[in-house]
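A quick write-up on the structure given underneath.
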Amino acid sequence: MARATEPERRLLAVYTGGTIGMRSEGGVLVPGKGLTTVLRSLPMFHDSEYAQARGLAEDTLALPPASPGQRIIYTVLECQPLFDSSDMTITEWVQIAQTIERHYEQYHGFVVIHGTDTMAFAASVLSFVLENLQKPLILTGAQVPIHALWSDGRENLLGALLMAGQYVIPEVGLFFQNQLFRGNRVTKVDARRFAAFCSPNLPPLAVVGTDVIINQELVRRIHGKDTLVVHSNMERDVGLLRLYPGIPAALVRAFLQPPLKGVVMETFGAGNGPTKADLVQELKEASERGLILLNCTHCLQGTVTADYAAGMAMAGAGIISGFDMTSEAAMAKLSYVLGLPGLSLEGQKELLAQDLRGEMTRPVSAECRPSLQGGPLRLGLAHLLSLSQEAAAVRDALMPSLACAAAHTGDLEALQALAELGSDLSLGGADGWTPLHAAAQGGHTSTVALLLQSGADANARSDGGLSPLQLAARGRHRGVISLLRAAGACLSPQELEDMGTELCRLASRADSEGLQAWWQAGADLGLPGYDGQSALHIAEAAGNLEVVSVLRGLLGTESNAQDPGRALYD
Ligand code: ASN
């Protein structure tokens with residue numbers, strides 16, 4: 001007899017259509033009703049004995065026990081009508097978000113069963129519509145209907161339910177082929193293979209194999225207890241314009257007319273476009289009349305930069321960089337920002353340039369942390385904190401943050417003053433961020449040396465899982481990497497394993513400095529990325545001889561993983 005008292009995690013699964021539930025009619029696949037009935041008949045999706053003992057409703061199913069003493073119970077809500085996702089629009093996605101809002105308190109997490117064709121758009125839109133999401137919402141679907149003998153649907157749906165039911169990943173994700181991606185980072189890349197999606201510029205949040213590996217460093221963290229906000233007012237008059245060689249200015253002009261309010265422009269390579277005067281003029285005029293232009297590369301991997309004269313910046317300051325955003329995420333972000341009430345044009349542009357939901361990677365230099373630069377503030381605080389005994393408690397609470405701020409700017413004098421006031425320079429702040437993290441991120445070699453000498457832990461991890469070594473490698477601070485390695489810092493086995501896609505991204509951007517930095521930090525440059533290609537393959541395919549020669553040189557060098565003390569670039 002099944003126990004009816006096991007702790008339960010309740011999920012809501014919203015079934016919107018897609019191949020997963022399709023049936024063949026007249027030789028073509030059409031959306032099919034009755035997914036719940038199919039799931040009810042499959043023991044991997046329903047433990048009927050337990051459901052009976054619990055007296056669950058008709059639309060509510062119980063997974064077999066996932067881990068000892070824990071049950072996932074899920075209610076399937078079948079939408080009316082069901083869609084091939086090619087017919088889904090912002091209207092349906094907002095309705096899904098509103099449904100989730102209505103049931104938000106009742107469930108631990110949410111699964112959206114969706115067609116694959118527009119799932120990347122759906123995930124992107126949902127990530128912007130749902131602000132302050134504190135529970136997992138995972139989209140999934142299939143390339144082959146779930147009732148077929150050889151279907152990816154069963155694994156995908158089960159994986160999405162387990163991920164949403166067992167883990168705290170409070171964001172909009174997309175689960176497919178044993179990987180959980182951030183929803184606004186994916187794009188559909190294959191119409192036939194089961195591996196239909198990839199996340200070209202961000203590694204997966206989780207990978208399922210014999211173990212479930214959660215990439216904690218990437219999972220977005222909840223700040224505070226802000227309540228869920230559903231932004232239903234998404235702007236519909238946004239468009240997508242893919243530039244191609246020789247695109248006529250007249251065509252661009254025709255496209256950029258009202259009522260259009262914002263356009264995602266898919267440009268060449270690192271954000272470039274034709275420099276023909278008439279075309280540039282059209283873009284300038286459109287931008288001057290208040291049309292927002294968001295520049296995304298049509299390359300699968302890489303980011304928009306300001307490296308070339310043919311860069312879109314020449315069309316005027318109005319064009320905003322979308323960095324490494326997918327077009328799907330960029331369109332969703334435009335709809336969201338332009339739909340927000342009361343924002344000026346400048347305000348909209350400012351918001352578009354920010355990373356709002358983890359949808360884009362801003363360049364390292366754009367990140368900033370608080371600074372203690374400016375002597376009066378620093379000295380004033382030091383004085384205040386030394387005044388009385390009552391101040392001791394305040395001092396202890398403030399010290400880690402002050403030390404981090406000083407370390408981030410490489411302010412040795414301030415750090416020494418804080419040490420004299422009794423501050424333990426190896427202590428982390430509220431988010432686990434230590435002064436060593438801050439100094440490594442800032443690339444301050446002497447500060448890092450001082451902190452290591454005063455006993456800072458070279459392998460300290462912030463709450464988000466970041467280590468000083470990762471920050472130094474990201475910033476290509478080779479002197480710092482070398483000090484940290486000498487002090488015993490190393491990447492974790494999981495970080496080493498997950499490096500492949502990042503190395504490929506660096507190779508695709510011809511970033512040999514970045515590759516060298518990660519090599520020095522201990523990364524294995526031969527690791528394949530998400531599609532099985534290594535950084536060397538990518539550099540060779542791109543004909544980038546400099547990167548090829550750097551990689552060949554480093555790959556030919558004996559692995560540095562066992563030798564933390566070795567440094568190439570002292
Ligand atoms: N056309 C289908 C859809 O997007 C494709 C699929 O789900 N595999 O609804």
Side-chain angles (χ1 to χ4, degrees), residues 13-39 42 45 74 76-97 99-100 110-127 129 137-161 163-164 172-181 183-200 204 240 300 326-329 331-332 335 530-531:
V14 183
Y15 170 45
T16 69
T19 297
I20 192 165
M22 284 191 181
R23 318 205 155 267
S24 180
E25 247 179 57
V28 292
L29 287 170
V30 293
K33 291 183 183 168
L35 183 67
T36 323
T37 315
V38 177
L39 297 176
L42 299 170
F45 283 105
Y74 61 107
V76 185
L77 192 70
E78 206 161 292
C79 295
Q80 259 319 328
L82 292 165
F83 281 114
D84 182 302
S85 74
S86 312
D87 282 323
M88 299 285 278
T89 65
I90 289 180
T91 305
E92 285 74 33
W93 296 322
V94 165
Q95 282 172 9
I96 294 171
T99 305
I100 286 166
F110 303 87
V111 169
V112 174
I113 305 165
H114 198 281
T116 57
D117 287 346
T118 62
M119 203 189 290
F121 287 95
S124 297
V125 167
L126 285 169
S127 77
V129 170
L137 188 173
I138 302 182
L139 289 100
T140 196
Q143 295 283 62
V144 174
I146 199 164
H147 53 77
L149 198 52
W150 207 324
S151 164
D152 55 334
R154 290 186 293 275
E155 255 185 28
N156 289 347
L157 180 54
L158 187 64
L161 290 166
M163 279 285 157
V172 175
L174 187 153
F175 188 84
F176 227 85
Q177 270 275 288
N178 296 319
Q179 289 185 296
L180 178 70
F181 303 108
N184 56 29
R185 289 295 196 142
V186 290
T187 193
K188 184 171 177 183
V189 286
D190 205 307
R192 308 297 295 173
R193 282 191 309 158
F194 286 169
F197 291 93
C198 83
S199 168
L240 177 64
L300 185 59
T326 61
S327 301
E328 292 91 329
M331 286 198 71
S335 286
Y530 68 94
D531 59 357

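Whatever order the structure lists them in is the order used to number ligands and atoms, beginning at 1.
- For Phe176, the ring-ring contact (aromatic ring centres under 6.0 Å, His included) partners are Phe197, not counting sequence neighbours.
- Remark: side-chain polar atoms of Ser24 are not paired, donor with acceptor, to backbone N or O of Leu29 under 3.5 angstrom.
- Ring geometry for Phe45 versus Tyr74: interplanar angle over 60°, hence perpendicular rather than tilted (30 to 60°).
- Every residue two or more places apart in sequence or in another chain that forms a side-chain contact (heavy atoms from CB on, under 4.5 Å) with Ala332 is listed here: Ser124, Val125, Phe128.
- Every side-chain contact (heavy atoms from CB on, under 4.5 Å) that Thr36 has, sequence neighbours left out, goes to Leu61, Val76, Glu78.
- In this structure, Glu155 places its CD atom where only 12 or fewer heavy-atom neighbours from other residues, nucleotides or ligands lie under 6.0 Å away.
- Listed by chain and residue number, the protein contacts of ligand 1 are Gly18, Thr19, Met22, Asp84, Ser85, Gly115, Thr116, Asp117, Ala142, Gln143 (heavy atom within 4.0 angstrom).
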